[in-house]
K.L.:
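My questions all concern the structure below.
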Amino acid sequence: MLVDSHCHLDFSDLAENLSSVLDLMRSNDVAGAVCIGVTLEELPRVLSLAETHRHIFASVGVHPETTDIKEPTVAELVRLAQHPKVVAIGETGLDYYWHKDQPEWQRERFRTHIRAAIEVGKPLVVHNREATADTLRIMAEEGAGQVGGILHCFTEPWAVAEEALALGFHISISGIVTFKNALIVKDVASRVPLDRLLIETDSPYLAPVPFRGKLNQPGYVKYVAEEVARLRGIPTEEVANATTDNFFRLFPQTRTSLTQ
């Protein structure tokens, strides 16, 4: 059994072909997926997917790169996270690629999410792009380790992974690990303790080899598992079992839906 810890099934490219996307998940033994919230305005369609499909779960958050949207408050995130299919707070974090002035509003938004996660007792889904030092600093300052969570689509060197692990977070590996020149990601994927490792697609983006450059989807998470297993010199089944067990420990409310 495999689980995709991070995808965007509500995005139009996947939502418009949802039946075939779900069929591929079943045929590739992908038992479930977390559909990640990126704005409060778009959250209803994420929740609708989770409510309609037993094996789809949701997160609540505002992506760090988004502007001209409704700004979240701690109280509102906590309220929205009470939904029974919401398993995490995020996608949150910092993205200095699109905002090279390193805006303080982004850092404050990140702090808001961490405080909400601690209040509601649910883990965080953290995005980091060209903002590693500030991301780790804010996580430490706000006590994010109280709830833990995921550094998703991890692309940083092993030293950064060690810091995230020390803060109580899991490392999630995406299809980037299958790219020939992704040596840093391959190194991390081979070294993260199996009990702190997750896998994801971040679909519809970052399709793994042999689908690189095409539309990604949760069913392709099996190719991530296969590459991680190759790098570690272990059976794919061992990676599947470990990452699924880690998923259940991080999101215990998903176990019954995905195992019955």
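Computed from heavy atoms alone, side chains included, the values below leave out hydrogens, waters and symmetry copies. Only a predicted model underlies this, so the values are computations on that prediction, with no experimental measurement involved. Counting begins at 1 with the first residue of the sequence.
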K.L.:
When you measure from the side chain of Lys85 to the backbone of Ala50, do you find a donor-acceptor pair of N or O atoms at a distance under 3.5 Å?
P.N.:
yes
K.L.:
Tell me whether the guanidinium CZ or amine NZ of Arg129 lies under 6.0 angstrom from the six-membered ring centre of Tyr96 and within 45° of its axis.
P.N.:
no
K.L.:
When you look at Glu226 and Thr236, which way does the side-chain hydrogen bond (donor to acceptor under 3.5 Å, both in side chains) test go after all the steps?
P.N.:
CA-CA 5 Å; Glu226 288 172 355; Thr236 301; 5.3 Å; no
K.L.:
So Phe169 and Met139, do their side chains get closer than 4.5 Å, heavy atoms only?
P.N.:
yes
K.L.:
Can you confirm whether Leu250 sits close enough to Phe247 that some side-chain heavy atom of one is under 4.5 Å from a side-chain heavy atom of the other?
P.N.:
no
K.L.:
Please tell me whether Val185 and Ile234 are part of a single hydrophobic cluster in this structure, the criterion being side-chain heavy atoms less than 4.5 Å apart.
P.N.:
yes
K.L.:
Do Asn216 side-chain atoms and Leu206 backbone N/O form a donor-acceptor pair below 3.5 Å?
P.N.:
yes
K.L.:
Using a strict threshold of under 4.0 Å (side-chain N to carboxylate O), is an ion pair present between Arg191 and Asp187?
P.N.:
yes
K.L.:
Could you tell me which residues satisfy salt bridge (charged side-chain N to carboxylate O under 4.0 Å, His left out) with Arg54, sequence neighbours excluded, listed by chain and number?
P.N.:
none
K.L.:
Of all the heavy-atom pairs spanning Ala189 and Leu231, show the shortest one and how long it is.
P.N.:
CB-CD1, 4.2 Å
K.L.:
Under a 4.5 Å cut-off applied to non-hydrogen side-chain atoms, are Arg249 and Asp245 in contact?
P.N.:
yes
K.L.:
Is there a donor-acceptor pair closer than 3.5 Å between any side-chain N or O of Thr244 and the backbone N or O of Met1?
P.N.:
yes
K.L.:
Find the distance between NE2 (His113) and NE2 (His63) and round it off to the nearest 0.5 Å.
P.N.:
10.5 Å
K.L.:
Which residues end up grouped with Leu183 if you chain together Ile, Leu, Val, Met, Phe, Trp and Tyr wherever their side-chain heavy atoms are less than 4.5 Å apart?
P.N.:
none
K.L.:
Arg109 and salt bridge (Lys or Arg N to Asp or Glu O under 4.0 Å): which partner among Glu71, Glu91, Glu104?
P.N.:
Glu71
K.L.:
Under 4.0 Å between a Lys/Arg side-chain N and an Asp/Glu carboxylate O for Lys70 and Glu41?
P.N.:
no
K.L.:
Nearest 0.5 Å please: distance from the CD atom of Glu162 over to the CG atom of Leu167.
P.N.:
12.0 Å
K.L.:
Do Thr243 and Val3 touch side chain to side chain, with heavy atoms closer than 4.5 Å?
P.N.:
no
K.L.:
Can you give me the closest heavy-atom contact between Ile150 and Ser172, atom names plus distance?
P.N.:
CG2-CB, 3.5 Å
K.L.:
Between Arg196 (side chain) and Leu165 (backbone), is there a donor-acceptor pair under 3.5 Å?
P.N.:
yes
K.L.:
Measure across Ile118 and Gly143 and return the closest heavy-atom pair with its distance rounded to 0.1 Å.
P.N.:
CD1-O, 3.6 Å
K.L.:
Could you tell me which residues satisfy side chain to side chain contact (heavy atoms under 4.5 Å, CB included) with Ala240, sequence neighbours excluded, listed by chain and number?
P.N.:
Leu2
K.L.:
For residues Thr92 and Arg111, determine if any side-chain heavy atom of one lies less than 4.5 Å from a side-chain heavy atom of the other.
P.N.:
no
K.L.:
Rounded at 0.5 Å granularity, tell me how far OG1 in Thr52 sits from CG in Leu22.
P.N.:
10.5 Å
K.L.:
Look up atom CZ in Phe57 and atom CD in Gln253, then write down how far apart they are to the nearest 0.5 Å.
P.N.:
7.5 Å
K.L.:
Please determine which of His8, His127, His152 meets the side-chain hydrogen bond (donor to acceptor under 3.5 Å, both in side chains) test together with Asp202.
P.N.:
His8
K.L.:
Give me the atom names and distance for the closest heavy-atom approach of Cys35 to Ile56.
P.N.:
CB-CG2, 4.2 Å
K.L.:
Please determine if Arg107 and Asp134 form a salt bridge, counting it only when a charged side-chain N lies under 4.0 Å from a carboxylate O.
P.N.:
yes
K.L.:
Is the backbone N or O of Glu108 less than 3.5 Å from a side-chain atom of Thr112, with the two atoms forming a donor-acceptor pair by type?
P.N.:
yes
K.L.:
Within the distance-only criterion (no hydrogens, no angle test), does the side chain of Asp95 pair as donor or acceptor with the backbone N or O of Glu65 below 3.5 angstrom?
P.N.:
no
K.L.:
Would Arg137 and Glu141 pass as an ion pair if we require N to O under 4.0 Å?
P.N.:
yes
K.L.:
Any side-chain to backbone donor/acceptor pair from Asn28 onto Val30? Under 3.5 Å, distance only.
P.N.:
no
K.L.:
Hey, quick one: are Ile36 and Leu124 part of the same hydrophobic cluster, counting side-chain heavy atoms closer than 4.5 Å, chains of contacts allowed?
P.N.:
no
K.L.:
Counting neighbours of CD on Glu130 that are heavy atoms of other residues, nucleotides or ligands and sit closer than 6.0 Å, is the number greater than 12?
P.N.:
yes
K.L.:
Rounded to the nearest 0.5 Å, what separation is found between the CG atom of Leu24 and the NZ atom of Lys222?
P.N.:
8.0 Å
K.L.:
Give, for atom CD of Glu156 and atom CD1 of Ile184, the distance between the pair rounded to the nearest 0.5 Å.
P.N.:
7.5 Å
K.L.:
List the steps, then state whether side-chain contact (heavy atoms from CB on, under 4.5 Å) holds for Asn246 with Phe251.
P.N.:
CA-CA 8 Å; Asn246 296 340; Phe251 307 121; over 6 Å; no
K.L.:
Has Glu200 got a side-chain atom pairing as donor or acceptor with Cys153's backbone, closer than 3.5 angstrom?
P.N.:
yes
K.L.:
Could I get the full list of salt bridge (charged side-chain N to carboxylate O under 4.0 Å, His left out) partners for Lys214, not counting sequence neighbours?
P.N.:
none
K.L.:
Checking side-chain polar atoms at under 3.5 Å, does Ser203 have a donor or acceptor matched by the opposite partner on Gln217?
P.N.:
no
K.L.:
Under the side-chain contact (heavy atoms from CB on, under 4.5 Å) criterion, do Lys122 and Gln82 qualify, and how do the steps go?
P.N.:
CA-CA 10 Å; Lys122 292 187 176 181; Gln82 304 300 322; over 6 Å; no
K.L.:
Between Ser59 and Gly90 (side chain of the first, backbone of the second, donor and acceptor by atom type, cut-off under 3.5 Å), is there such a pair?
P.N.:
yes
K.L.:
Is the gap between the ring centers of Phe211 and Tyr220 under 6.0 Å?
P.N.:
yes
K.L.:
Checking Thr39 now: which residues fulfil side chain to side chain donor-acceptor pair (under 3.5 Å) with it, not counting sequence neighbours?
P.N.:
Glu42
K.L.:
Please report the closest heavy-atom contact between Pro218 and Leu9, naming both atoms and the distance.
P.N.:
CG-CD2, 3.8 Å
K.L.:
Heavy atoms, side chains only, cut-off 4.5 Å: are Val125 and Ile89 in contact?
P.N.:
no
K.L.:
Quick one: do Asn128 and Phe154 satisfy side-chain contact (heavy atoms from CB on, under 4.5 Å)? Show the steps, please.
P.N.:
CA-CA 8 Å; Asn128 166 41; Phe154 195 86; over 6 Å; no
K.L.:
Would you say the side chain of Tyr223 lies within less than 4.5 Å of the side chain of Arg212, judging by non-hydrogen atoms?
P.N.:
no
K.L.:
Using only heavy-atom distances, determine whether the side chains of Glu227 and Thr178 contain a donor-acceptor pair under 3.5 Å.
P.N.:
no
K.L.:
Give a yes or no on whether Trp105 atom CH2 has more than 12 heavy-atom contacts from other residues, nucleotides or ligands under 6.0 Å away.
P.N.:
yes
K.L.:
Please name the pair of heavy atoms, one in Ile199 and one in Val224, separated by the smallest distance, quoted to 0.1 Å.
P.N.:
CG2-CG1, 3.8 Å
K.L.:
Under a 4.5 Å side-chain heavy-atom rule over Ile, Leu, Val, Met, Phe, Trp and Tyr, are Val221 and Val34 clustered together?
P.N.:
no
K.L.:
Mind running side-chain contact (heavy atoms from CB on, under 4.5 Å) on Ile173 and Leu198 for me, showing each step along the way?
P.N.:
CA-CA 6 Å; Ile173 301 296; Leu198 292 169; over 6 Å; no
K.L.:
Between Gln106 and Pro64 (side chain of the first, backbone of the second, donor and acceptor by atom type, cut-off under 3.5 Å), is there such a pair?
P.N.:
yes
K.L.:
Which ILVMFWY residues can you reach from Val46 by hopping between side chains whose heavy atoms are under 4.5 Å apart?
P.N.:
Leu40, Leu43, Leu47, Val60, Val62, Ile69, Leu77, Leu80, Val86
